[in-house]
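This report refers to the structure that appears directly beneath it.
Residue numbering restarts at 1 for every chain, and letters A, B, ... go by the order of the sequence lines.
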Protein chains: 2
Amino acid sequence: MTTGPNRSRKHAGAQNRNVTIKDLAAELNVSITTISRALNGYTDVGEKTRKKVIDAARRLGYTPNRNAQRLVTRRSHSIAWVQADDDNKFVDPHFVEVMAGVLREARIDHYDIVMTSETPERQLAAYERYVRDGSVDGFIVDLPRPNDPRINFLLEADVPFVVHGREDRQDRYGWVDVDNYGNFYNLTKLILANGHKRIAFINGDERFLYATTRRQAVYDALRDLGHPPETVMYLEGTHPMVEAGFQLTELALADPSITAFLYSSILLATEGLTAVSRAGRVPGQDVMIASMNDELQYLNLAPVDGQITYVRSSLRTAGRALVAEVIRQCERKKTSGTLIPSLFDLGEGVSGDAIAGSVHFA
Amino acid sequence: MTTGPNRSRKHAGAQNRNVTIKDLAAELNVSITTISRALNGYTDVGEKTRKKVIDAARRLGYTPNRNAQRLVTRRSHSIAWVQADDDNKFVDPHFVEVMAGVLREARIDHYDIVMTSETPERQLAAYERYVRDGSVDGFIVDLPRPNDPRINFLLEADVPFVVHGREDRQDRYGWVDVDNYGNFYNLTKLILANGHKRIAFINGDERFLYATTRRQAVYDALRDLGHPPETVMYLEGTHPMVEAGFQLTELALADPSITAFLYSSILLATEGLTAVSRAGRVPGQDVMIASMNDELQYLNLAPVDGQITYVRSSLRTAGRALVAEVIRQCERKKTSGTLIPSLFDLGEGVSGDAIAGSVHFA
DNA sequence: GCTTGTATCCAAAACGTTTTGGCTTAGAAT
DNA sequence: ATTCTAAGCCAAAACGTTTTGGATACAAGC
């Protein structure tokens, strides 16, 4: 007598059997080939037959078994999105915003998004498994780091994927990104144009490339406009950038020569605003607060209206573009990078045009 | 000549073929049956053979094709989580918190979570399709409404699912919930015990049952402690409860007899705190702010420390329980409801014990 | 009448597993 | 010597599709 496998896999059993292509064929006295071809829109089935098939399919509630389809076509019509779960860190409102776009776009093309979280050490293993077991057709890669092993692997495996963000091999894969450099260059320029002599820059986590790019942009702007690097007090938050906004701003407030605060995220900025207000400083009057605004839907900016100068950029749009791109690759159309456009949006009390205006300061 | 289907489904092509069970069998000169049984831990394969198989599998990088497994076992080892995408509404920080738990637990049991967003009208269709095409083994249902059609359908289809929240048929399915009634009953009791005579209650969206339950709890507490219903000014936010906190609080502030503010979510509460402070009122001194705290990881409560009295309850834990329960059903163990325990957590300036203490007010 | 073409249809193979129901062989029990 | 048991292996069927390579019938062209 043989016994079952070690990890007992009891069957769900008693699953009310769904109607199959065979049932349909029997019902209509045609071959299963005809059913399949009728339903998939081939031209070699007569119009009356096709109608008969479609009607019967609807009537009997026939839906092709996805697993059989996946097996024979070798396509799963799903894409994987592996989250880094380094204990508590992957939860980030920015991420949800992207996800909204991802899910929306995937739905349109009838793709499924399969989401997993994995600890950093085991992430790569998850990718490998998904590639080898045929679970998914492609991948979304988030928050790339320098020389990211996930990208190494996916390039090597030659499997469709898209990156949210860029690194040095950006010409070898599809990516979607905001213009981090341009936006922070312009924000810095704007602050300087308003006469500020010292700036606190609260950046994101430099383990991720977007933060590095932003830092470079800020210092480049300083240099190009003839200001010394000491103009900025540089502060780095850790990902996801919470708890940081308040504390780091308080730190910067200790130096009274600082009159402008530049934040890498609107989330940091709103916290910073609280700290600034508590310290008795008045945004738009004796201090300027600038930030990137990723248009987090849940975040109510009404209370801080007119107190923060920001550049808007839709993470949701980025999410949609991500899926569009990876699906394009799955269907073997050409690969390309997508730059998500940003909008300059100035708070109240703004004078002049977008770049020159806002909270003028001697 | 016949032409292809209307919606052209080009194959991804050139997929470097993965190693199959046949390859492995050929390599080792054993049958595929033996490979399968060796890898799945059956006892009718010799130990030397099993070792040989396992070694070769690792060496050649063999991973069983998931789609073939799904087809033959009729189990997908994945569960669906369909989000309502009524344009902008499904993005909610509470949701992410639950998701963190969901993904974490799913990973442990090697289940995949397939996520979709669907417009409200088409949600049910998504459920039907998933049931019929064998994509998933079970479902997670979020934010149940009264007589929820999704629950009707899933009960009818007799397919594993779990509900985050409860409604009147809670004995017929597995669910996970916080003790909404108990928590708000106690919070109200606490406010009254501190001598407050008028309370503003900013609740969540009553289209969802948790909000209704909370309202009932508040009014029951009033009644049980002999206070008239007019004690509370009732304000309802719309889901997801953003933009509401600030405005509704301002509205309530217009009535100076109100000295306590009770919020359905810490998100509302922090916004409300801003409004209260702006109005020159001092939390913990001339006004009390109480709330449910769902332990949103990204939300920095340090700045508001000691100013809000709350009951803590982990949405992440709820997420984990959701998955555990639905998997239990998929594997045909018994079904049960899970109540997520809450913690009373009082702000600074608290006197006395958890229920009687906090911000005493004449 | 014979060929060619066209419109419909279909049998069978294939996808990569798991599972069923054996079949050997070797040793123990009779 | 025969029967029984257990250990170890395997061929074949099955899961539900899609796709290949015809087959059939009928009309048109010669």
Side-chain angles (χ1 to χ4, degrees), chain A residues 1-5 7-13 15 17-26 28-53 57 62-77 132-135, chain B residues 1-5 7-13 15 17-26 28-53 57 62-77 132-135:
Chain A
M1 204 204 74
T2 74
T3 74
R7 47 195 172 115
S8 79
R9 280 204 205 154
K10 290 188 185 172
H11 264 221
Q15 289 281 4
R17 216 177 64 78
N18 285 320
V19 19
T20 74
I21 200 172
K22 272 182 205 156
D23 301 331
L24 208 52
L28 297 179
N29 274 317
V30 296
S31 73
I32 62 170
T33 306
T34 300
I35 304 284
S36 174
R37 314 212 96 205
L39 258 24
N40 285 317
Y42 282 78
T43 60
D44 66 350
V45 4
E47 276 317 313
K48 347 87 197 155
T49 314
R50 187 191 305 278
K51 183 169 175 351
K52 228 175 42 177
V53 170
Y62 169 69
T63 308
N65 182 297
R66 202 95 179 294
N67 300 321
Q69 285 181 321
R70 291 162 76 122
L71 179 57
V72 67
T73 63
R74 297 153 171 284
R75 305 266 281 105
S76 65
H77 280 259
R132 289 210 299 230
D133 73 7
S135 295
Chain B
M1 204 202 75
T2 73
T3 74
R7 49 197 171 109
S8 78
R9 280 204 206 154
K10 290 186 187 174
H11 263 223
Q15 289 281 4
R17 217 176 64 77
N18 286 321
V19 20
T20 75
I21 199 173
K22 271 181 207 156
D23 300 332
L24 209 50
L28 297 179
N29 274 318
V30 296
S31 74
I32 62 171
T33 305
T34 299
I35 303 286
S36 174
R37 314 211 100 209
L39 258 23
N40 286 316
Y42 283 78
T43 61
D44 65 349
V45 3
E47 276 317 312
K48 349 89 198 149
T49 313
R50 189 192 304 282
K51 182 167 177 349
K52 224 175 47 176
V53 170
Y62 169 69
T63 308
N65 182 299
R66 201 96 179 293
N67 300 321
Q69 284 181 320
R70 292 162 75 122
L71 179 59
V72 68
T73 64
R74 296 153 170 285
R75 306 266 282 103
S76 65
H77 280 259
R132 289 208 301 231
D133 73 7
S135 296

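Taking OG of B:S135 as the reference point, atom CG of A:N65 lies at 8.0 Å (rounded to 0.5 Å). Taking CZ of B:R37 as the start and OG1 of B:T49 as the end, the distance is 13.5 Å to the nearest 0.5 Å. Rounding to the nearest 0.5 angstrom, the gap separating the CD atom in A:Q69 from the NE2 atom in A:H77 is 8.0 Å.
The salt bridge (Lys or Arg N to Asp or Glu O under 4.0 Å) check on B:R66 picks up B:D112, with sequence neighbours excluded. The side-chain hydrogen bond (donor to acceptor under 3.5 Å, both in side chains) test applied to A:T63 returns B:R132, not counting sequence neighbours. For the side chain to side chain contact (heavy atoms under 4.5 Å, CB included) test, residues two or more places apart in sequence or in another chain that qualify with A:K22 are A:T20, A:I32. Qualifying side chain to side chain contact (heavy atoms under 4.5 Å, CB included) partners for A:V30, counting only residues two or more places apart in sequence or in other chains: A:L28, A:T34, A:I35, A:K52. Judged as a side-chain hydrogen bond (donor to acceptor under 3.5 Å, both in side chains), and not counting sequence neighbours, the contacts of A:N67 are B:R70.
Where the helix from C:dG1-D:dC30 to C:dT30-D:dA1 starts and where it ends, the local axes point in directions that differ by 60°; five pairs per end, rounded to 10°.
Here the nucleotide nearest the side chain of A:V72, chosen from C:dC9, D:dT17, D:dA14, is D:dT17. Of the listed nucleotides (D:dG16, D:dG8, D:dT18), D:dG8 has the atom at the smallest distance from the side chain of B:D44. Listed candidates were D:dT17, D:dC10, D:dC15. Nearest to the side chain of B:R37 is D:dC10. Checked against C:dT18, D:dT17, C:dG16, the side chain of A:Y62 finds its nearest nucleotide in D:dT17.
Residue B:Q69 has a polar side-chain atom (N or O) positioned under 4.0 Å from OP1 or OP2 of C:dT18. Using a 4.0 Å cut-off, some side-chain N or O of A:R74 falls inside it from OP1 or OP2 of C:dG16. In this structure, B:S36 reaches the C:dT18 phosphate: one of its side-chain N or O atoms is under 4.0 Å from OP1 or OP2. For B:N65 and C:dC15, the shortest distance from a side-chain N or O to OP1 or OP2 is not below 4.0 Å. OP1 or OP2 of D:dA7 has not a single side-chain nitrogen or oxygen of B:Y42 nearer than 4.0 Å. Using a 4.0 Å cut-off, no side-chain N or O of A:K22 falls inside it from OP1 or OP2 of D:dT17. A close approach under 4.0 Å does not occur between any side-chain nitrogen or oxygen of A:R50 and OP1 or OP2 of C:dT8. Side-chain nitrogen and oxygen atoms of B:T73 include none within less than 4.0 Å of the OP1 or OP2 phosphate oxygen of C:dT18. Between A:T34 and C:dT8 there is no side-chain N or O to OP1 or OP2 distance below 4.0 Å.
The CG atom of B:L28 sits 15 Å away from the C1' atom of D:dC10 (whole-angstrom rounding). Rounded to a whole Å, the CG atom of B:L24 is 15 Å from the C1' atom of C:dT18. The distance from atom CG of B:N40 to atom P of C:dT20 is 13 Å, rounded to the nearest whole Å. Distance A:R75 CZ to C:dG16 C1': 18 Å, rounded to the nearest Å. Distance A:L71 CG to D:dT18 P: 12 Å, rounded to the nearest Å. Taking atom CD1 of residue B:I35 and atom P of nucleotide C:dT17, one finds them 10 Å apart after rounding to whole Å. For the pair B:K52 NZ and D:dG8 P, the interatomic distance rounds to 13 Å; values are reported in whole Å. Rounded to an integer number of Å, the gap from B:N18 CG to C:dC15 C1' is 13 Å.
Each of B:K48 and B:A68 was assigned the nucleotide of DNA chain D with the nearest heavy atom; the assignment lying further toward the 5' end belongs to B:K48.
Of all non-hydrogen atoms in A:S31 and A:A25, the two that sit nearest each other are C-CB, 4.0 Å. Shown here for B:P64 and A:D133, the closest heavy-atom pair between the two residues is O-CB, 3.4 Å. Heavy-atom minimum distance, B:N18 versus B:D23: O-OD2, 4.1 Å. For the residue pair A:Y62 and A:I21, the shortest heavy atom distance occurs at CE1-N, 3.4 Å.
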Close N or O pairs between protein and nucleotides 25-28 of chain C (under 3.5 Å):
none

Between protein and nucleic acid, restricted to nucleotides 11-13 of chain C and to nitrogen or oxygen atoms under 3.5 Å apart, what atom pairs and distances do you find?
unit_1, atom_1, unit_2, atom_2, d
C:dA11, N7, A:T33, OG1, 3.4
C:dA11, N6, A:T33, OG1, 2.7
C:dA12, N6, A:T33, OG1, 3.4

